[in-house]
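Beneath this line is the structure, given in C-alpha cells, with notes to follow.
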Amino acid sequence: MTNPRLRIAPSPTGYLHVGTARTALYNYLYARQKNGVFVLRIEDTDVERSSKEMTEIIIEGLKWLGLNHDEGPFYQSDYFSHYTDYLPQLEKTGGIYRCFCTPKELEERKQNVIAEKKAWKYDRKCLHLSDEEIKENIEKKKPFAWRVRVPEGKTSYDDLIHGVIEKENSEIEDFVIVRSDNTPVYNFAVVIDDFRMKITHVVRGDDHISNTFKQLHIYRLLDATPPSFAHLPLILDENKAKLSKRTGTVSVLAFRDMGVLPEAFVNFIALIGWNPGGDREIMSLSEMTDLFSFEKVTKKGGVFDYKKLEWMNSKYITNYDSSKLLDLTMPFFRSAGIETSSFDREKLMKIMDSVKEKARYLKDIPELTRFFFEDVKTYDEKGKAKYLTPERIEHLKVLKEKLNSLKEFSHDEIENIYKTYAGEKDLKGGDIIHPTRLALSGRTEGPSLFLMMEIMGKETVFSRLTKIIESDIL
RNA sequence: GUCUCCAUCGUCCAGUGGUCAGGACACAGCCCUUUCAAGGCUGCGACACGGGUUCGACUCCCGUUGGAGACGCCA
C-alpha cells in the first residue's frame, strides 16, 4: 500500500476550535507515523460566512501547536467548478435527479409532517416528475438543486474506531449535493475533494457519522473506493454536551493568550480520547507520533478538564528551557506594563527560574516577579503587622551592616550571614527571613529569599532595607 | 419524534474471563519547609441496572435505563 494521505478540513469560523485541533493532531500523528502526507484544506463553500482573516487564524493556531501540514492550504472556494464538473458523470448513472422544490415549499411540507409527529425526510416529489414536467421546468428556467437518489438496502462501513456501523437506506433521505445556485453542498464537496486529493484516511469527529452514510453513496456513484474512516469521540463540556463557544473556552488561541505552552496543550488534548496504554501522561509530539494508534482511541466522549490542563501546563513550565520560557513570557511582561530592558538576559533567565514552579500560566509570571523590576509601593498589611515589629527592624539594621561586609553578594554568602546571626541571637530563621522578604518585595510569599536577594543585587536590597529601617512605616 | 453512537472513581485514562479493579487531575489530611509553590505519604472515590453464556464475569451476548450526536439548498 502506498503512503497514507490525511487531511484536516476546518471551516473558517473565526477561531480554531479545540475539537478541530485534536482532530488535526490525530491526523498529524498518524500521517507522520506512517510517513504519509498531511493536507490542510479550508472548507469555505459557505462563502458568506467565510473570510480570509478567519482562515489565517486557523492557520496560526495550527502553527502554534506545531502541527505543520505538507500540502495546502487549499480552498474549496477556489475549486467550485470542479465539483459541478462531476455532475454529468453522476447524472449518467441515474443516481441523481433535479429537485425543483423551493426552500419555502420544503419547509411547509416539513412542518406538516412534524405536526403529525412523524420524522421528516425529503418526500421525493421531484423524483416522480415526468420527463415532460422536467423539460418544462427547465425551459421555464425554474431553479433546481441536485439530489442523490438513495436506493433500497443498507449502507455500512468499517470504522477504524467503532467497527462496523450499519444503517438502513430508508433512513437516509435523498440529500442535496448541489444547490440551486450551482454551488456544492458540504457532503458533496468533501467527497470530491477527498477523492481528487487521494485521501486514504478520513479522521474526524463523531458528529460526522451520519454524514458518512451519505458520502458513501456519492463514492458509489463515482465508482470510487471510499477512504478508511475514523470517527473520534467528541470533546465535551462540564455538562457533557459537545464543547461549544457558549459553554466554554473553545478557541485554541485563547489558551495561548492566557499563557498555555503549546507542548502542554497538545499533550493535554491528545489525552482526551487517547492513551498509549498504561500510565504514561507526559509525552512530546514525537513520542506520541511513535505511540499513536486508532485501536487505542476511546469511543466515549471526554470532558475538557481545565484543572488538569492547568496542572499539566504548570508541569511543562517548570521543566521548560529557561531561555525559551523567557521568550514566550515577554509579551506577558509587556501587557502587564513591566519594563524589563534594564536587566540583561542572564538575569532575566534567573528570574524565570526563580518562579518557574509557581506559575500555572505564563500570564502569572509578571505578577510573580513584579518586585524585581519595580520599587515596592505597598506592603502586605497582615505581613506588616506580623513581621515589621520594632524588634525585627532592629535585626534588619544589624543584618544590613553584616551584608555590607560581603565581598560576594551571593546566595550562599547571604545565607551564611542569616544562619549565623540567627544562631547568635537564638532566633528562628523565619524571624529574620520573613521581615526581609516583606521589606524587599512587599509580600509574604515569593521565591527563596537568598536567591531573590542575589538576583536583586546589593544595591537594590540595601535601598529597600533602608526604606523600611528609616521610614515610620508602622 | 426517527436514526446512530456511547456507558469503569466527580473528571481523564489503564483493564480485553480469574486483579485487594490500577494511575493521573480534583478534593481532604499529614510530612518536608524560609513564605508561596513544588515534592513525598495517606485518605476519599467507580465497573448504570436486569437477564443470560461460563466453573467463573467489569470484561462476551441480549434487553432496560441513562447520556450524547445527527436529522438543512450550514459546515
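Just the heavy atoms: all of them, side chains too, but no hydrogens, waters or symmetry mates, feed the values below. Each chain gets a letter, A, B and so on, in the order the sequences are listed, and its residues count up from 1.
The same atom, C1', is picked in C44(B) and in U54(B); the two are 35 Å apart, to the nearest Å. As rounded to the nearest Å, A57(B) and G1(B) have C1' atoms that lie 37 Å from one another. Here the separation of G50(B) from C12(B), taken at their P atoms, is 24 Å to the nearest Å. Rounded to the nearest Å, the gap between the C1' atom of U64(B) and that of C6(B) is 15 Å. For the P atoms, the distance linking A48(B) with A7(B) amounts to 10 Å, nearest Å. As rounded to the nearest Å, C47(B) and U11(B) have P atoms that lie 12 Å from one another. Comparing C74(B) with U16(B), their C1' atoms are spaced 41 Å from each other, to the whole Å. For the P atom pair drawn from C41(B) and C25(B), the interatomic distance equals 11 Å after rounding to whole Å.
Rounding to whole angstrom units, CZ of residue Phe268(A) and C1' of A24(B) are separated by 12 Å. Summarising the geometry, the separation between CZ on Arg392(A) and P on U35(B) is reported as 14 Å, rounded to the nearest angstrom. Distance CZ (Arg179(A)) to C1' (G72(B)): 10 Å, rounded to an integer number of Å. The distance from atom CD1 of Ile272(A) to atom P of C6(B) is 19 Å, rounded to the nearest whole Å.
Here Pro233(A) lies out of heavy-atom contact (under 4.0 Å) with every strand. Using a 4.0 Å heavy-atom criterion, one finds that Arg280(A) contacts no nucleic acid atom at all. Within the nucleic acid shown, Lys315(A) comes within 4.0 Å of sugar-phosphate atoms alone, with no base atom in reach, counting heavy atoms only. At the heavy-atom level, Glu357(A) lies under 4.0 Å from base atoms of the strands shown. Residue His208(A) is in base contact, counting any heavy-atom pair closer than 4.0 Å across all strands shown. The residue Glu238(A) sits apart from the nucleic acid: no heavy atom pair falls under 4.0 Å. Looking at heavy-atom distances under 4.0 Å, Ile165(A) makes contact with sugar-phosphate atoms alone, never a base. No contact: Glu168(A) has no heavy atom under 4.0 Å from any strand. Among the atoms of the strands shown, none is found under 4.0 Å from any heavy atom of Gly429(A). Across all strands shown, Lys104(A) has no heavy atoms under 4.0 Å from either base or sugar-phosphate atoms. Note on Leu236(A): nothing from the nucleic acid sits closer than 4.0 angstrom, heavy atoms only. No contact: Lys356(A) has no heavy atom under 4.0 Å from any strand. Here Ile209(A) lies in heavy-atom contact (under 4.0 Å) with sugar-phosphate atoms only.
Checking G10(B), G72(B), U4(B) against every side-chain atom of Trp120(A), the shortest atom distance belongs to G72(B). Of all nucleotides listed (U34(B), U11(B), A24(B)), U34(B) comes nearest to the side chain of Phe450(A). Distance from the side chain of Trp311(A) is smallest for A24(B) among the nucleotides A24(B), G69(B), A7(B). Side-chain proximity of His434(A) to A14(B), C73(B), U34(B): nearest is U34(B). Of the candidates C3(B), A75(B), C25(B), A75(B) carries the atom nearest the Ser11(A) side chain, counting heavy atoms from C-beta on. If you check G1(B), G10(B), A24(B) against the side chain of Asp305(A), the one that comes closest is G10(B). The side chain of Lys300(A) lies closest to U8(B) when the candidates are U34(B), U8(B), U11(B). Closest approach to the His162(A) side chain among C73(B), G23(B), C5(B) is made by C5(B) (side chain taken as heavy atoms from C-beta onward).
Taking 3.5 Å as the limit, the base of A70(B) and the side chain of Asn211(A) contain no donor-acceptor pair of atoms between them. Evaluation of atom-type donor-acceptor distances gives a pair under 3.5 Å for the side chain of Arg437(A) against the base of U34(B). With hydrogens and angles left out, the side chain of Lys358(A) and the base of A38(B) share no donor-acceptor pair within 3.5 Å. Between the side chain of Ser210(A) and the base of C3(B), no donor-acceptor pair under 3.5 Å is found.
Heavy atoms from other residues, nucleotides or ligands lying under 6.0 Å from CD of Glu391(A) number 12 at most. The environment of CD in Glu152(A) is sparse: at most 12 heavy-atom neighbours from other residues, nucleotides or ligands sit within 6.0 Å.
Of all nucleotides present, none satisfies the Watson-Crick or G-U wobble test against G45(B) with each distance under 3.5 Å. In a base pair of the Watson-Crick type (N1 to N3 plus N6-O4 or O6-N4) or a G-U wobble (N1-O2 and O6-N3), with each distance short of 3.5 Å, A75(B) is matched with no nucleotide. A 3.5 Å limit on both hydrogen-bonding distances identifies G69(B) as the Watson-Crick or G-U partner of C3(B). Using the Watson-Crick or G-U wobble rule with both distances under 3.5 Å, U59(B) pairs with nothing in any strand shown. Of all nucleotides present, only C13(B) satisfies the Watson-Crick or G-U wobble test against G22(B), with each distance under 3.5 Å. Of all nucleotides present, none satisfies the Watson-Crick or G-U wobble test against U33(B) with each distance under 3.5 Å.
Summary of the strand contacts: Gly277(A) and Leu451(A) both lie near RNA chain B, and taking for each the nucleotide with the nearest heavy atom, the more 5' one is attributed to Gly277(A). Both Val178(A) and Ile433(A) sit near RNA chain B, but only Ile433(A) has its closest nucleotide nearer the 5' end.
In this structure, a donor-acceptor pair under 3.5 Å is present between the side chains of Tyr418(A) and Thr436(A). For the 3.5 Å distance criterion, the side chains of His395(A) and Arg392(A) fail to qualify, holding no donor opposite an acceptor. Between the side chains of Ser441(A) and Arg437(A), not a single donor N or O lies within less than 3.5 Å of an accepting N or O. A donor atom on one side chain and an acceptor atom on the other are not found under 3.5 Å apart for Asp412(A) and Ser410(A).
Between Tyr186(A) and His208(A), a ring centre-to-centre spacing shorter than 6.0 Å is recorded. Centroid-to-centroid, the aromatic rings of Phe292(A) and Tyr26(A) come within less than 6.0 Å.
For the atom pair CG of Leu465(A) and OG1 of Thr460(A), the computed distance is 10.5 Å after rounding to the nearest 0.5 Å. We find the CZ-CD1 distance between Arg41(A) and Ile8(A) to be 10.0 Å, quoted to the nearest 0.5 Å.
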Check nucleotides 64-66 of chain B against the protein and report each pair of N or O atoms closer than 3.5 Å, with its distance, or say if there are none.
none

### Message
Pair Glu91(A), Arg98(A) - check salt bridge (Lys or Arg N to Asp or Glu O under 4.0 Å), show working.
### Response
CA-CA 10 Å; Glu91(A) 194 183 359; Arg98(A) 292 179 178 81; 3.4 Å; yes
